[in-house]
2 protein chains.
Amino acid sequence: MSPARRPRAKSRAQRNGKAPRKGALKAARPIAREQITERTAERSLVISIPRLFLYHRGLEDALRAGDKVLTSQELAARIGRGMSSTQIRKDLSYLGSFGRRGQGYDVTVLVKKLGRVLGLDRDWRIAIVGFGNLGHALGTFLELREEKFHIAAIFDSDPQLVGSTWHGVTIRDETELEAVLPELGCGIGIIAVPASVAQRVAERLVRAGVGALLNFAPVNLSVDAGVAVRTIDLASELSLLTHHLS
Amino acid sequence: MSPARRPRAKSRAQRNGKAPRKGALKAARPIAREQITERTAERSLVISIPRLFLYHRGLEDALRAGDKVLTSQELAARIGRGMSSTQIRKDLSYLGSFGRRGQGYDVTVLVKKLGRVLGLDRDWRIAIVGFGNLGHALGTFLELREEKFHIAAIFDSDPQLVGSTWHGVTIRDETELEAVLPELGCGIGIIAVPASVAQRVAERLVRAGVGALLNFAPVNLSVDAGVAVRTIDLASELSLLTHHLS
DNA sequence: GTATGTGAAGGTGTTCACAGCC
DNA sequence: GGCTGTGAACACCTTCACATAC
């Protein structure tokens with residue numbers, strides 16, 4: 001370590017003579033007593049997955065625009081809103097070294113790498129439960145716009161709907177869920193049913209082998225640890241916006 | 001300060017003789033050089049709005065279940081997933097002292113307080129741009145399920161739709177947006193148009209006086225600071241789930 | 001020169017531990 | 001006894017500053 005290398009304040013470790021703390025990695029933390037909830041299980045550690053999606057989208061845009069090489073600054077500018085080039089470099093460095101110093105990042109290489117990390121290089125089969133207005137709209141949207149996602153099963157409790165087909169998929173009665181779903185190999189379930197039955201539907205989907213749920217009912221689903229849940233609550237989203245307005 | 005009050009490690013301030021740091025509040029930070037982006041502007045400071053919505057929903061559930069008083073632990077259990085009672089108490093303490101020590105929180109008082117903070121005690125008028133499958137589903141959902149939100153204007157570019165009415169609202173041509181919208185007093189705009197035109201629609205909504213946007217197009221909208229934007233990107237949500245599965 | 005990659009510093013949000021009160 | 005409210009401790013994530021590489 002050469003002299004004149006640390007013009008900022010002295011490091012905390014130097015000041016108090018303690019060894020750097022990062023090594024321990026929360027080894028012996030006392031287990032929380034007041035809650036049975038398992039301790040998150042998800043280790044996001046510095047790099048955040050949602051941010052990687054932003055990068056991926058930005059890079060895809062750049063690719064469409066014809067860029068072959070992109071610097072972290074250019075990517076940050078493309079993404080906009082508060083993304084710093086440093087943050088991008090830091091995140092990407094956790095996936096390995098893909099850039100060339102002095103040049104930037106090869107767009108195709110990086111898109112491919114991110115795609116693999118994010119699981120975008122595979123196709124996914126989806127089951128929709130609840131094929132009313134919302135379920136129908138979601139299905140249409142995905143079927144038309146997203147090549148990676150295929151609607152492989154549809155369930156509803158409305159006798160008027162059950163039996164008809166939609167884009168080649170037969171709409172089945174909700175009671176058949178456990179019987180039919182396992183052999184269809186759907187990893188993802190979309191819950192577009194009223195709030196009152198959402199929890200029950202979630203449990204049944206999980207029992208049928210679905211490992212991830214996208215929930216549009218305004219309830220906090222509780223499912224086994226190991227099952228991923230994302231809830232999109234339109235009312236909450238709107239309320240967030242109103243909060244900003246007042 | 002009595003003796004025997006600090007069994008944990010000595011405070012950083014004590015160890016290195018520095019005064020507590022929290023006072024300064026990032027006063028003279030050098031302005032970022034490499035980006036023109038304005039410095040977030042949003043101060044969330046410890047308490048997070050989305051979390052308050054969780055509390056609000058949990059309390060409403062409790063109210064429906066007949067609870068009059070709730071402890072922070074009970075609320076945490078009701079919300080589930082990684083909410084700690086400490087976190088709840090800390091957040092609520094920023095809004096004032098509403099609990100009774102030894103007892104808990106009065107549910108009705110707290111619901112009302114949170115509702116006021118979150119802007120849930122008012123009605124809101126919404127404009128929907130793009131009335132295809134998704135726009136239609138969103139409109140129906142809100143009209144039927146959410147009393148606080150009223151669809152007050154609908155725009156589409158499809159001549160087949162323009163002119164017809166839906167729940168008493170006439171569907172207008174998108175070109176009329178600037179002419180019609182200002183006098184309808186819509187604070188919120190929902191963007192349910194294809195990604196390719198979303199940015200343009202956003203700009204026009206903002207010019208027509210809309211202060212908050214809920215965007216379903218998979219693009220990062222860039223709008224004036226001061227306009228709130230929430231983007232719900234179904235593809236990204238699904239991709240997040242797939243990441244969990246692989 | 002330019003841009004990446006990365007330890008260390010710096011802030012921010014969460015958790016702890018306990019005083020205060022019922 | 002129980003539960004709230006809160007300063008301080010802590011862990012996490014972001015930003016800085018600079019060595020390294022092109």
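In what follows, chains carry the letters A, B, and so on, assigned in the order in which the sequence lines appear, proteins first and then strands, with residues in each chain numbered from 1. Because the structure is a prediction, the values reported are computed rather than measured.
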Review point. Taking only residues two or more places apart in sequence, or in another chain, which ones meet B/Glu203 in a salt bridge (charged side-chain N to carboxylate O under 4.0 Å, His left out)?
Key: none
Review point. Counting only side-chain N and O atoms of B/Gln87, is one of them less than 4.0 Å from OP1 or OP2 of C/dG13?
Key: no
Review point. Between A/Lys90 (NZ) and C/dG10 (P), how many Å, whole number?
Key: 15 Å
Exercise for review: Map A/Gly102 and A/Gly96 onto DNA chain C by nearest heavy atom, then report which one ends up closer to the 5' terminus.
Suggested key: A/Gly102
Review point. Would you say A/Tyr105 reaches C/dG5's phosphate, i.e. side-chain N/O to OP1/OP2 under 4.0 Å?
Key: yes
Revision key, fill the gap. Closest non-hydrogen atoms of B/Thr71 and B/Gln103, given as atom of the first, atom of the second and distance, are CG2-O, 3.5 Å
Exercise for review: List the atom of A/Leu213, the atom of A/Ala202, and the distance in Å for their closest heavy-atom pair.
Suggested key: CD1-CB, 3.9 Å
Point to revise | Distance-only side-chain donor-acceptor flag, B/Ser222 / B/Asn220, under 3.5 Å | key: no
Review point. Does the side chain of A/Arg100 get closer than 4.0 angstrom to OP1 or OP2 of C/dT4 through an N or O atom?
Key: no
**Study point:** Separation of C/dT4 P from A/Phe98 CZ (nearest whole Å)
**Key:** 14 Å
Exercise for review: Return the value, rounded to whole Å, for the distance between atom CZ of B/Arg101 and atom P of D/dG1.
Suggested key: 18 Å
Point to revise | Side-chain N or O of B/Ser72 closer than 4.0 Å to phosphate OP1/OP2 of D/dT4 | key: yes
Study note, to complete from the structure: Taken to the nearest whole Å, CG/A/Leu110 to P/C/dA3 is 17 Å
Review point. Looking only at side-chain N and O atoms, does A/Thr86 come under 4.0 Å of OP1 or OP2 in D/dC16?
Key: no
**Study point:** Gap between atoms CG and C1', on A/Asp91 and C/dG5 respectively (whole Å)
**Key:** 13 Å
Check your understanding: Pick the nucleotide of DNA chain D nearest each of B/Gly99 and A/Gln103; which residue has the one closer to the 5' end?
Key -> B/Gly99
